[in-house]
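Naming convention: chains lettered A, B, ... in sequence-line order (proteins, then strands); numbering from 1 in each chain.
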Amino acid sequence: MNFLKHHPFAVAAAACALLLASSWLMKDYFIFEMQMVLVLAIAILGLNLLTGLSGQVSLGHGAFFAVGAYAYAILTEVVRLHYAAAIPAAGLACFVFGILVGFPALRLDGHRLALATFALALAIPQLLRHKSISEWTGGVQGLVVSKPPAPASLESLGLSPERWLFAISIAVALAMFLIAYNLSRGAVGRVLVAIRDQPIAAGAMGINLAHYKTMIFGVSAAYTGIAGALGALAVGFVAPDSFPAFLSVTLLVGVVIGGLGSVGAAIAGALFVQFVPEIATRLSQSAPWAIYGACLIAFMYFLPHGLAGIVRKK
Amino acid sequence: MEALLHQLSAGIVNGSIYASVGLALVMIDMATHHINFAQGEMATFSTFCAWKLLVMGVPYWTTFLVVVVLSFVAGVAIQRLVLRRFEKAPVLNNVVVFVGLLVIFNATGGLFFGHELKQFPSPFEPITWLSTRFLTAHGSGSILVMLGMLALVFSFFKFSRVGLAMRASAYNPDSAALVGIKVSWMLALGWGLAAAVGAVAGLMIAPVVFLDAGMMGGVLLYGFAAALLGGLHNPWGAVVGGFIVGIVENLLGAYVTGTDLKLTVALILIVLTLTLMPQGLFGKTIAKRV
């Protein structure tokens, strides 16, 4: 246990290598599911930075996910940019979008911010469907996204496009978690926690609240945007109906179930969000979401600090 | 000119519904300091129950009464059974609980009543003298019902002892408890009232947009825009805000953006209100001593 505490990234890197190696044993559908877990984990991590660390509740991160996915699709299919450049570019586009959203968000807190961002999540599918931009976005049908093949030298090892994508996702996830871990443990992390817990005192100490709050909105959006781009690659297409308001709700649920403010908890949250609806469907064909809702309330009642709370108490 | 008056009247009809939903949101917000995300889905569920009763042959106004009373009871029950434990919990936990309720109502609505679009009858269509040049019979009836309900709620709060007790609990829960008011039951009462108001709004809007599980999603958003526009601490501001939102939505939809961007209009309205007028039209800017 001590080794884990002192060398978390050695352990994480080893786990990632093991995960990649085991993909040769997995069926394609399971690789897809694990892929989506990674995608959701990055998105949930982004939301956790915003909500857990700096205290701004967002029920609209599905919008950033959608913008990242569409930005990637447009950059690779319409502008024909190389995929290695398109993923960070999608993140950058979402960073800018996030800062723009962060400005009006400065005026709100708690439930009101949640409802305002929910408005964003509801409006995005409508906007994406609109005729005026459909020559870029493909309108109602959306755009098809093709998976890039592995470089020729690695392809001979058996790295199919699915496994290559899986490898890229693992690498990206590892990098993003490393950045988030350092962010939350460093000076910026402390500033954000101060802003969350005692905003007036933080302002009195000279912290520029507006600057940090909008910046973290941008960073959080960039994380979710990159997750969206990877998600688009995994699924193979982007369409307005792929990003309903419920996606934003799902991401927030992942954050709270995993545990607020804990970087590692994003993976637990992603696993919950990906697999519990499937389990619920197996339990009840007709109303799986009712079971999902009951699960949420039960979790809040029994584990108010999320899954990370179990670990922390020890 | 005639087309403009048509749009204005349609705006007033929709506005009365947004006003009610906005009022329900503000009532719960003032009492519990939480915004009820599940408001729309609860109203839809009540409307589904009403549909079932109508299909079974119960006359309309009996159904109306039964559903409103049942919604009130259900609202009280939800607060007592589910929400009371989370009163002291952090904001996010409450948001997740509301999301859970939203999902449960949405799913059970589909489970018990089916997923197809249903037509919902209007009680006002046969009353021909209600139909004017610019309003359908249902439109006029809807406005009358909404105004009547708002008047009832207003007089309840202003003239009755229980209403006074509720206002006291929202304004200063500690002092109210010291005077002997059961604050927790006042919260439950607030929830019951909001559920009943939502049910009426659902019943009025269902004949216009067909009844299905997603009926109130957009309406909830407009209700929130209305509440924000009026200032979140002012119930009557929410009512005025509702009418403004309804009129603006219809005018913009007809002359500027077309009907497929309605939710975006709501979003822009919310963002503009927040950035330019965060206290709303009628709210007070509260300056706190730090």
- Task: Give, as side chain, backbone, both or neither, the part of Asp29(B) having an atom under 4.5 angstrom from any heavy atom of chain A.
- Result: side chain
- Item | Val96(B)/Phe299(A) under side chain to side chain contact (heavy atoms under 4.5 Å, CB included): CA gap, chis, key distance, verdict | CA-CA 10 Å; Val96(B) 173; Phe299(A) 251 86; over 6 Å; no
- Message: Using every non-hydrogen atom in the two residues, find where Thr108(B) and Ala290(A) come nearest and quote the distance to one decimal.
- Response: CG2-CB, 4.2 Å
- Message: Between Ile104(B) and Ile297(A), is the side chain to side chain contact (heavy atoms under 4.5 Å, CB included) condition met? List the steps.
- Response: CA-CA 10 Å; Ile104(B) 290 179; Ile297(A) 298 182; 4.2 Å; yes
- Just wondering, are more than 12 heavy atoms of other shown residues or ligands nearer than 6.0 Å to CD in Glu278(A)? yes
- Message: For a side chain to side chain contact (heavy atoms under 4.5 Å, CB included) check, start with the C-alpha distance between Leu252(A) and Val95(B), then their side-chain angles and the critical distance, and finish with the verdict.
- Response: CA-CA 9 Å; Leu252(A) 187 67; Val95(B) 171; 3.7 Å; yes
- Message: Using a 6.0 Å cut-off, check whether atom NZ of Lys52(B) has over 12 heavy atoms from anything other than its own residue.
- Response: no
- Item | Under 4.5 Å from a heavy atom of chain A, the part of Phe105(B) involved | neither
- Query: Is it the side chain or the backbone of Leu101(B) that comes within 4.5 Å of chain A heavy atoms, both, or neither?
  - Reply: both
- Message: Can you confirm whether Glu87(B) is buried at CD, in the sense that more than 12 heavy atoms of other residues, nucleotides or ligands lie under 6.0 Å from that atom?
- Response: yes
- Query: With a 4.5 Å limit on heavy-atom distance, are the side chains of Leu296(A) and Val99(B) in contact?
  - Reply: yes
- Of all heavy-atom pairs between Ile270(B) and Ala116(A), which one has the smallest distance, and what is that distance? CG2-CB, 4.2 Å
- Message: A quick test of your reading: do over 12 heavy atoms of other residues, nucleotides or ligands sit less than 6.0 Å from CZ of Phe103(A)?
- Response: no
- Message: Return the CZ to CD1 distance between Phe118(A) and Ile35(B), rounded to the nearest 0.5 Å.
- Response: 12.0 Å
- Query: If every non-hydrogen atom of Ala123(A) is compared with every non-hydrogen atom of Leu267(B), which pair is closest and at what distance?
  - Reply: CB-CD2, 3.7 Å
- Task: Please look at Leu59(A) and chain B and tell me whether the side chain, the backbone, both or neither of the residue comes under 4.5 angstrom of a heavy atom of that chain.
- Result: side chain
- With a 4.5 angstrom heavy-atom cut-off, which part of Tyr301(A) approaches chain B: side chain, backbone, both or neither? both
- Item | Considering all heavy atoms, the nearest Leu221(B)-Leu122(A) contact | CD2-CD1, 3.7 Å
- Shortest non-hydrogen contact between Asn93(B) and Pro304(A), atoms and distance: ND2-O, 3.1 Å
